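Below you'll find the structure, written out as structure tokens, and then a few comments.
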Amino acid sequence: MSETIAAISTAPGEGGIGIVRVSGESSKEIMSRVMDNFPDNVKPRNAYFGKVTDGKEIIDEAIFIYMESPSSYTGEDMLEIQAHGSNVSLKKILRAVLNCGAYGIRIAEPGEFTKIAFLNGKMDLSQAEAVIDIIKAKTDLSLEIAESQIEGRLGNSIRKMRENLLDILAKMAVNIDYPDEDIDQVVNDEFVNQIRWVLLDVDELLDTASIGRIAREGIKIAIVGKPNVGKSSLMNALLGEGRVIVTDIPGTTRDTVEESVSLGGIPIVLIDTAGIRDTDDRVEKKGIEKTEQAIASADMVMLVIDRSSDLEDEDNRIIKFVEKMNGEKILVVLNKSDLGESIDEDTIKKKISGVTVVTTALTEKKSLEAALKVSEAVGKMFGIGNINPSESNIVTNERQIQMLKNASMNLSDAITMLQNGESIEIAELSVHYAYDSLGKIIGEEAGEEILNTVFSKFCLGK
Amino acid sequence: MEENIERNNNEYEIIVIGAGHAGCEAGLIASRMGKKTAMFCTDIESVAMMPCNPSIGGTGKGHLVREIDALGGEMGVNTDKTLIQSKMLNTSKGPAVHSLRVQSDKRCYHEEMLKTVKNQDNLDVIVSEVVDLLIEESNVEKDIENEEKTISRKKVIGIKTADGRKFHSKEVIICTGTFLGGKIFIGDEVTLSGPAGMKPANEFGENLKKMGFDVRRFKTGTPARMLSDTIDYSKMKEQKGDENIVPFSFLNEDKNFDIEQISCWLSYTNETTHKIILENIEKSAMYSGNIVGVGARYCPSIEDKVSRFKDRKRHQLFVEPEGRDTKWSYIQGMSSSLPLDIQHQFYASIPGLEHAEIIRPAYAIEYDCIDPTTLKPSLESKLFEGLFCAGQFNGSSGYEEAAAQGLIAGINAVRKLNKETPLILGRDQAYIGVLIDDLVTKGTNEPYRMMTSRSEYRLLLRQDNADRRLTELGYKYGSVNNDRYDRYQKKKKRVDKEIERLKRVKIDLKLLKRFLIKYECENKSNEISKEIIARRRSDIEEMNNQVLADILARPSIKYVDLAEIDNNMPSLSINEQAVVEVMIKYSGYIKKQKTEVEKLHNLERKKLNEKIDYNSIRGLRIEARQKLTKIKPLTIGQASRISGVSPADINVLLVYLEKNRREK
């Protein structure tokens with residue numbers, strides 16, 4: 001089987017619709033894995049409405065179209081996922097596609113769909129030159145981007161990891177190719193330890209991927225709470241303007257309201273939701289459904305509670321609703337402190353484990369103070385306060401993340417093999433794959449380096 | 001030594017220059033494939049001579065010998081006839097990297113090979129120094145890219161010898177080894193000489209340069225030979241051969257090798273040795289600047305080792321007997337180009353060698369070779385049609401590397417005569433493929449030696465399955481005869497049948513538990529922790545429906561172990577058992593490597609015409625244009641391995657190919 005490639009094929013930026021495109025033999029398998037309600041008999045070239053899932057949560061709703069070779073743009077089997085145009089969710093969809101475990105899936109190279117289309121006879125001759133231009137231009141561009149990163153700290157830390165792997169690979173090579181030499185034969189345990197150190201570095205870098213993603217794509221925050229606790233006031237405070245209608249009548253916000261704001265340089269998307277409560281009102285019911293969706297697609301939830309009175313059934317229902325989420329992604333805002341203090345922080349912390357709690361009084365005078373408190377808490381929750389993007393290693397690029405994951409997986413494999421008593425030439429393969437994956441991040445492929453290291457470090461020969 | 005009588009007015013179909021390991025393979029295979037062949041050497045003693053170490057095989061190299069054998073070559077057979085010690089290396093590791101190495105009786109090796117070439121039909125051995133090639137400018141043909149332009153072709157039509165005789169042939173294969181421009185260095189003493197004091201071939205080297213060959217100098221070295229009965233073995237550690245001798249040749253699999261093996265001996269240098277060497281280092285030819293040739297990093301002289309690795313208190317060396325009935329011993333690990341008096345001093349500082357007599361001093365030898373990127377993957381020269389090159393002349397080092405190229409050059413010379421496609425082995429098919437592809441695509445700036453680390457597909461290219469990889473192919477290309485092919489077919493059937501059986505036969509659970517606990521827990525208790533044992537035990541409890549193949553796939557179980565729970569085990573040869581074991585044990589990894597191979601094949605299937613004008617292709621970077629023009633790769637895959645050709649350039653080439661295809 002050949003490889004399957006995937007990429008976002010609509011222009012970056014907010015648009016009404018965005019498309020993730022997949023081409024290759026695994027297209028159908030990918031559809032079955034990322035489509036929540038995958039139908040039994042998928043007909044080619046038919047549009048299917050469904051939800052996109054990464055196996056854990058629903059990312060977005062989308063139209064799925066499967067096309068069979070040769071009747072497609074590239075001439076291979078293809079899948080198009082037409083979703084909402086938000087950059088954030090398109091990237092999540094792409095990530096879900098790349099991580100779904102389908103055979104031979106990888107991110108597309110610049111101009112690759114077009115190249116395959118041409119090679120499969122899907123374009124006429126006059127387009128050949130244009131294809132070359134695309135390949136060249138995009139390659140130059142990505143080269144430029146890659147080069148700027150290669151020069152930077154990211155490049156340095158990848159290079160350091162590769163140096164360590166090179167050392168391991170050279171030792172393995174010597175062990176395999178020079179069994180007779182007077183060289184300390186390294187035992188599996190030593191290799192395991194050395195590989196572990198590199199794996200730690202790789203995983204650490206991978207962890208920054210989420211921060212990198214935040215820096216680039218922003219944080220999506222859903223503001224929830226029963227009606228009239230001050231959700232819209234909180235949003236306005238954060239936005240610094242009165243964009244959302246604020247009244248004393250419960251249920252004023254019946255639809256979700258989305259706004260973008262920058263908090264300390266981090267782009268934040270705020271979704272003000274309708275309050276959740278039992279209702280017969282049809283319009284409001286619709287609003288509640290939308291709230292559920294908003295929570296599902298958000299990176300974190302701000303739960304606003306009126307602390308001046310005791311928790312009501314409605315509060316408890318909402319708490320039940322959000323407590324399924326990871327507590328680390330929930331910020332409880334205890335509002336209306338100025339009107340009374342019936343609920344304290346500990347009560348909430350006992351109810352939902354791991355949450356962060358802040359107390360506010362979102363009156364006109366104190367709204368700025370409240371906004372600062374809340375954004376500080378958000379910053380802490382995402383570890384943004386400690387990070388200065390220009391000085392740290394942050395992995396932002398999807399391709400880099402894939403390569404790091406690949407390296408991480410292969411290194412873990414190597415460790416397992418060695419621990420199970422598998423011999424080194426088998427584990428060597430996985431270490432080698434990891435080495436190559438890291439090399440691809442900085443555009444260096446394995447060549448003679450291993451042998452060069454062998455000869456410079458070990459005394460060999462007749 | 002008598003010469004074969006020269007027949008037919010000096011007319012041959014194929015002429016081989018040189019009768020070393022490359023030359024013998026080339027000459028034998030060409031004549032066996034039915035071509036009238038002549039093999040020239042300057043001295044009959046040089047036929048299959050082993051001028052350096054008395055051993056054949058080892059990691060990577062042993063794989064090459066197996067592959068040569070699987071394709072119908074002679075090296076494996078001749079080695080089996082003349083071995084005095086045999087050892088399977090790397091047995092502490094997985095079967096994929098087991099490597100066979102033997103100590104050979106040098107004299108016997110030469111004599112047996114000489115017998116074989118002399119008795120070979122269609123093959124004449126001629127002792128005469130070749131000094132020039134006969135070239136004909138012919139076949140003026142139209143350039144396919146540009147009808148206006150015509151290309152003149154230079155074709156080799158024969159050779160000229162030092163005594164002025166001319167011999168004509170359709171194809172010529174150069175296998176001159178280290179004879180071209182040979183220069184021997186011992187301290188500041190410089191002698192014009194071929195290996196082992198034989199006459200060098202200087203005129204031929206000069207003429208090749210005049211003809212436009214890119215000739216350069218490489219260097220190699222060899223240690224001293226000592227008189228065996230002056231060595232004190234009581235101070236050294238004995239290195240015995242394996243109890244069971246595994247043959248190199250697949251034809252000898254059933255043969256019983258009932259021979260008395262001869263031991264090698266291990267000793268070490270010490271600080272006194274190092275002091276002597278360091279104090280005299282400027283007297284070494286390597287350090288005095290006399291030698292311009294480039295040496296191999298994997299084959300450093302003792303002065304190199306001592307000065308580069310100053311923290312090492314000792315270096316190991318092996319005393320290897322050069323044969324059964326000789327008093328010569330080879331001091332492996334101690335090559336040098338220091339003057340003889342210094343050699344006496346430092347050798348004598350080594351335990352066991354205090355009173356040992358030097359029969360022949362260590363020396364460095366410098367010789368002419370070519371840039372192998374001037375060759376096609378078939379080993380035919382890009383400069384002269386009908387001229388093939390093999391062995392050390394191409395910048396490789398080692399008997400096995402030479403023999404492998406000789407065999408392929410021989411096969412391809414015949415194929416060309418027959419107007420058939422050449423045999424080009426892929427990197428995924430054979431170490432021979434890796435060797436030749438590396439040489440002709442990447443070139444080399446030191447004598448090239450095979451190592452398993454050079455292969456991307458180590459788990460596929462094993463020494464146990466060389467016949468499964470190559471014998472069928474060799475048969476198709478005409479280098480494997482019916483007898484070998486029939487034997488191979490029968491063996492393949494036995495192995496396949498056994499694998500199929502192991503995948504089918506289920507094992508009684510009770511029996512299995514006892515078996516696994518014995519092999520995985522009890523036998524290993526001092527190696528692994530108690531928790532792991534406990535975990536293993538509970539894993540075993542949960543096993544169900546296991547077939548023999550599942551059991552064999554577990555790391556600590558060997559094929560022979562299965563006999564305890566398997567009553568129907570067929571009797572297979574040691575090699576057959578190894579193949580069965582690896583194919584089952586590593587099936588997962590093998591599959592993984594095969595998907596990598598598939599990627600390679602996609603690129604190898606896309607052919608590039610050698611007449612493409614890369615300068616006219618828009619979008620290629622300048623460096624890529626230059627490199628592609630020089631190497632003239634045959635496939636996109638080969639192009640992608642050229643340093644300086646980027647993935648973007650490959651994309652441009654792919655589009656160019658498709659555009660061309662449609663325009664036609």
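The structure presented is a predicted model; accordingly, all values stated were derived computationally and were not measured. Residue numbers begin at 1 in each chain, while the letters A, B, ... track the order of the sequences.
By the side chain to side chain contact (heavy atoms under 4.5 Å, CB included) test, B/E596 pairs with A/Y433, B/Y457, B/K599, sequence neighbours left out. The salt bridge (charged side-chain N to carboxylate O under 4.0 Å, His left out) check on B/R458 picks up A/E428, with sequence neighbours excluded.
A/D177 contributes a side-chain N or O that, together with a main-chain N or O of B/S453, makes up a donor-acceptor pair within less than 3.5 Å.
If you measure heavy-atom distances from A/M417 to chain B, the contacts under 4.5 Å come from the side chain alone. For a residue to count as touching a neighbouring chain, one of its non-hydrogen atoms must lie under 4.5 Å from one of that chain's; by this rule A/L429 touches chain B with the side chain only. Interface remark: B/R641 contributes no atoms to any contact with chain A (heavy atom separation under 4.5 Å).
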Candidate pair A/E425 and B/Y589, rule side chain to side chain contact (heavy atoms under 4.5 Å, CB included), full reasoning: CA-CA 11 Å; A/E425 75 278 4; B/Y589 305 119; over 6 Å; no

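The nearest pair of heavy atoms linking B/K592 to A/N410 is NZ-OD1, 3.7 Å. Here the closest non-hydrogen pair linking A/I426 and B/Y586 is CD1-CE2, 3.2 Å.
Highest contact tally toward chain A, considering only B/T59, B/L654, B/L459, is held by B/T59 [criterion: heavy-atom pairs under 4.5 Å]. Chain A forms the most heavy-atom pairs under 4.5 Å with one residue out of B/T452, B/L657, B/L89, and that residue is B/T452.
Two residues are said to be in side-chain contact when any heavy atoms from C-beta on lie closer than 4.5 Å; B/K93 and A/N175 meet this criterion.
Here the CD1-OG distance, from A/I424 to B/S92, works out to 8.0 Å after rounding to the nearest 0.5 Å. If you take CE on B/M451 and OH on A/Y178, they are separated by 4.5 Å, rounding to the nearest 0.5 Å.
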